[in-house]
Amino acid sequence: MPLVLYNSLSRQKEPFQPLEPGHVRMYVCGVTVYDECHIGHARSAIAFDVLYRYLQYRGFRVTYVRNFTDVDDKILQRAQKENVPWNELARRYMEAFHRDMDALGIRRPTLEPCATQHIPEMIQAIQALMDRGLAYAVDGNVYFSVSRFSDYGKLSGRDRDQMLAGARVEVDPHKQDPLDFALWKRSREGEPSWESPWGPGRPGWHIECSAMSQKYLGTTFDIHGGGLDLIFPHHENEIAQAEGATGKPFARFWVHNGPLTREGVKMSKSLGNVLSIQEALGRYHPEELRLFMLLGHYRKPLDFTDRGMAEVRSALDRLYTTLKRMDQLIQACPPTDESSEMEGPRVGPGRGVLEKVRAFPERFQQAMDDDLNTAQALGYLFDLNRVLNQWLDHSTFSSAEENIALLRRARRCYRLCGEVLGTPAADPEAFYRQKEERLLASLGLTREEIQRLIDRRSSARRRKDWEEADRIREDLHRRGIQLQDTPEGTLWKVRTDLNGV
RNA sequence: GGCGGCAUAGCCAAGGGGUAAGGCAGCGGUCUGCAAAACCGCUAUUCCCCGGUUCGAAUCCGGGUGCCGCCUCCA
């Protein structure tokens, strides 16, 4: 079964095969580095990170390019406002971007080219358009002539009349046609500029993506991605530039992720409801954010809510609680002989687990093959999680070698998700420790103090002084710690119903 | 106005012609000194409404209604 992806160009799902067998070439529009990134960027980044990881899992070599727009009106404006050099501002937010992406567990693309490093390529591309009569220069500016490119509108599904009827087309006296867009902008005083056949200036926004993607991935490449809101005009213009200049198809598959709203409304600076990735990471574990994004389909609109995040927190905790339980059992047993053919119990309650474990990789792949249905893939994991707990709870469960062997095998299903989806990816001990660190710091509690209280409570319990024991438990609960009495002693963890991490 | 998308339990959400995954929340039970965790059971005869096709539709078609995105910088 092939991987099927929804192609915005054809508006339907299509079986995906790269042009060169075994090698996928993919380009995703990155960010303009003029401000902190928000959770909308995170959604997009996570969606394409999963595509990148899954293609690799499917055995493809992937050349993944994601650009940085490091020269642009917004950067210039902001730099002026802050009175810092524009390239310094760009560098600052580039670093912030990497910091955020790394924190979210997003794998670095193969290449991350910057616009300013590719001015010659862009000039060359513009020249090609001039040569073909698809562009014209006016007063140091160069524009793309939309009316001379007959395929214009094929991605966004618009035609010329509709676009004009939209009426909100910018007025620029230099343009021959209001629909034309800038390929090269003449620099004003104090702005960065590069020499060009049309005079000193800087590139228009769209040209960098078609120039850089084609430089690194070829005239025609496999996947071009980005947010849904980039379809028009950005991606439409990229197609016009690229196909206009080469006469050949540009990207074969266009993949777009859906929009993210916050508490039902679009995030916008004027509303002041933009949640930066930094702020989000202050409140939620990176894997909570990831799981939240992946519990829905990447193309569907998604509403980021506190309530939704609280639900996901509980859900992720459920997985890690089971994982911890499994790991403890596995670690308590000597490593089994890898060559043993033993795969688990064929009778009793373990049989159901064996069946689910066996079926898991195929089911997972079948879900992911269907246009990255991460929600369904995770559904299978939660389903497995339940039968696993069921088995571990069963009175007949023992640490028999064959049981541990099955547990090891089940563990690999979680690892598969961790590898491809990025969650649950952590070692359970590390996961809880990480969550603890932050809460403990914010509450001024230390591990030692918690342990001291637990010890005090344990002796109270031995005395059957339930009042004292409950008092200590309630006190810790109020301070964010949840106790759990087990036959092996009292465990504690950070309460999952808390708002902060 | 144009283009596109979405409507599935209290909430989130997958599915998509053959009789409704999964998560969260709630209630009842098992376990526990009591809790917690986990497990079991219950919670959509029904998938926005109205028509049609079909042996059969939540799934297909037509028509409504509602919400959202894009058409200006935007992931």
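Tested against A/Asp49 for a salt bridge (charged side-chain N to carboxylate O under 4.0 Å, His left out), the candidates A/Arg290, A/Arg107, A/Arg108 yield a single pass: A/Arg290.
Comparing the same atom, C1', in B/rC61 and in B/rG22 gives a spacing of 31 Å after rounding to whole Å. Spacing of C1' atoms, B/rC42 relative to B/rC34, comes out at 25 Å, to the nearest Å. Only the C1' atoms considered, B/rU19 is 37 Å distant from B/rC3, to the nearest whole Å. Rounded to whole Å, the P atom of B/rG51 lies 40 Å from the corresponding atom of B/rA25. Taking atom P in both B/rC68 and B/rA20, one finds a spacing of 33 Å when rounded to whole Å. When the C1' atom is compared between B/rU43 and B/rG26, the two are found 8 Å apart, to the nearest whole Å. Separation of the P atoms belonging to B/rA57 and B/rG52 is 12 Å when rounded to the nearest angstrom. The gap from the C1' atom of B/rA37 to that of B/rA13 amounts to 25 Å, rounded to the nearest Å.
Contact annotation: A/Gln390 reaches the phosphate of B/rC40 (side-chain N/O to OP1 or OP2, under 4.0 Å).
Where A/Ser314 and A/Thr486 each meet RNA chain B at their nearest nucleotide, the meeting point lying more 5' is that of A/Ser314. Heavy-atom distances to RNA chain B give each of A/Gln482 and A/Arg11 a nearest nucleotide, and the one nearer the 5′ end belongs to A/Arg11.
In this structure, OH of A/Tyr298 is placed 14 Å from P of B/rG5, rounded to the nearest angstrom. Atom CD in A/Glu474 sits roughly 12 Å away from atom P in B/rA36 (whole-Å rounding). The CH2 atom of A/Trp254 sits 19 Å away from the P atom of B/rG4 (whole-angstrom rounding). Regarding A/Asn385, its CG atom lies at a distance of 8 Å from the P atom of B/rG23, rounded to whole Å. Nucleotide B/rG5 holds its C1' atom 16 Å from the CD atom of A/Gln12, rounded to whole Å. We find that CH2 of A/Trp466 is positioned 11 Å from C1' of B/rA35, with the value rounded to whole Å. B/rA36 atom P lies 11 Å from atom CG of A/Asp485, rounded to whole Å. Regarding A/Lys269, its NZ atom lies at a distance of 15 Å from the P atom of B/rC73, rounded to whole Å.
Lacking a ring centre under 5.5 Å from that of the base six-membered ring together with a plane angle below 30°, A/Tyr380 does not count as stacked on B/rA21.
Across all strands shown, B/rC67 forms a Watson-Crick or G-U wobble pair with B/rG5, both key distances being under 3.5 Å. Within the shown strands, B/rU30 is the pairing partner of B/rA38 under the Watson-Crick or G-U definition, both distances less than 3.5 Å. In this entry B/rU54 has no Watson-Crick or G-U wobble partner, no candidate having both defining distances under 3.5 Å. In this structure B/rU72 sits in no base pair that meets the Watson-Crick or G-U test at under 3.5 Å. Pairing for B/rC24 is with B/rG10, a Watson-Crick or G-U wobble pair whose two hydrogen-bonding atom distances lie under 3.5 Å. Pairing for B/rC47 is absent, with no Watson-Crick or G-U wobble pair whose two atom distances lie under 3.5 Å.
Among the heavy atoms of the strands lying under 4.0 Å from A/Leu260 is at least one base atom, whether or not backbone atoms are also near. Backbone-only contact: A/Asn373 has heavy atoms under 4.0 Å from sugar-phosphate atoms and none from a base. If you check every strand for non-hydrogen atoms under 4.0 Å, A/Gly264 touches nothing. Here A/Arg457 lies in heavy-atom contact (under 4.0 Å) with a base. Residue contacts shown for A/Gly227 are limited to sugar-phosphate atoms, with no base heavy atom under 4.0 Å away. Residue contacts for A/Arg318: at a heavy-atom cut-off of 4.0 Å it reaches the sugar-phosphate backbone alone, with no base atom in range.
Ring orientation note: the planes of A/Phe97 and A/Phe68 are nearly perpendicular, at an angle over 60° on the 30°/60° scale.
Two residues are said to be in side-chain contact when any heavy atoms from C-beta on lie closer than 4.5 Å; A/Met26 and A/Phe253 fail this criterion.
A donor-acceptor distance shorter than 3.5 angstrom exists from the side chain of A/Arg457 to the backbone of A/Ala469, with no hydrogens or angles considered.
There is a side-chain donor-acceptor pair under 3.5 Å between A/Tyr284 and A/Asp306. Judged by distance alone, the side chains of A/Tyr93 and A/Arg78 do bring a donor and an acceptor atom under 3.5 Å apart. A/Tyr27 and A/Asp222 share no donor-acceptor pair across their side chains, judged by distance under 3.5 Å alone. No side-chain N or O of A/Glu263 forms a donor-acceptor pair with one of A/Asn273 less than 3.5 Å apart. A side-chain N or O of A/Lys493 and one of A/Thr321 form a donor-acceptor pair less than 3.5 Å apart.
Under the side chain to side chain donor-acceptor pair (under 3.5 Å) criterion, A/Lys324 pairs with no residue at all, not counting sequence neighbours.
Ion pairing of A/Arg386 with A/Asp383 is present here, as a side-chain N (NZ or NE/NH1/NH2) and a carboxylate O approach within less than 4.0 Å.
For A/Gln80, the CD atom counts as loosely surrounded, since its 6.0 Å shell holds 12 or fewer non-hydrogen atoms of other residues, nucleotides or ligands.
Distances were taken from every side-chain heavy atom of A/Asn389 (C-beta onward) to each of B/rA38, B/rC34, B/rA75; the shortest belongs to B/rA38. Each of B/rG22, B/rC70, B/rA75 was ranked by its minimum atom distance to the side chain of A/Lys266; first place goes to B/rC70. Listed candidates were B/rA37, B/rG22, B/rC70. Nearest to the side chain of A/Gln484 is B/rA37.
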Find every protein N or O atom lying less than 3.5 Å from an N or O atom of nucleotides 7-13 of chain B, and list the pairs.
from, atom 1, to, atom 2, distance (Å)
B/rA7, OP1, A/Lys300, NZ, 3.1
B/rC11, O2, A/Glu311, OE2, 3.4

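A donor and an acceptor atom never sit less than 3.5 Å apart when one is taken from the side chain of A/Arg386 and the other from the base of B/rG22.
Between A/Leu228 atom CG and A/His256 atom NE2 the span is 7.0 Å, to the nearest 0.5 Å.
Of the residues in residues 39-52 of chain A, those with a non-hydrogen atom less than 4.0 angstrom from any atom of RNA chain B are A/Gly40, A/His41, A/Ser44.
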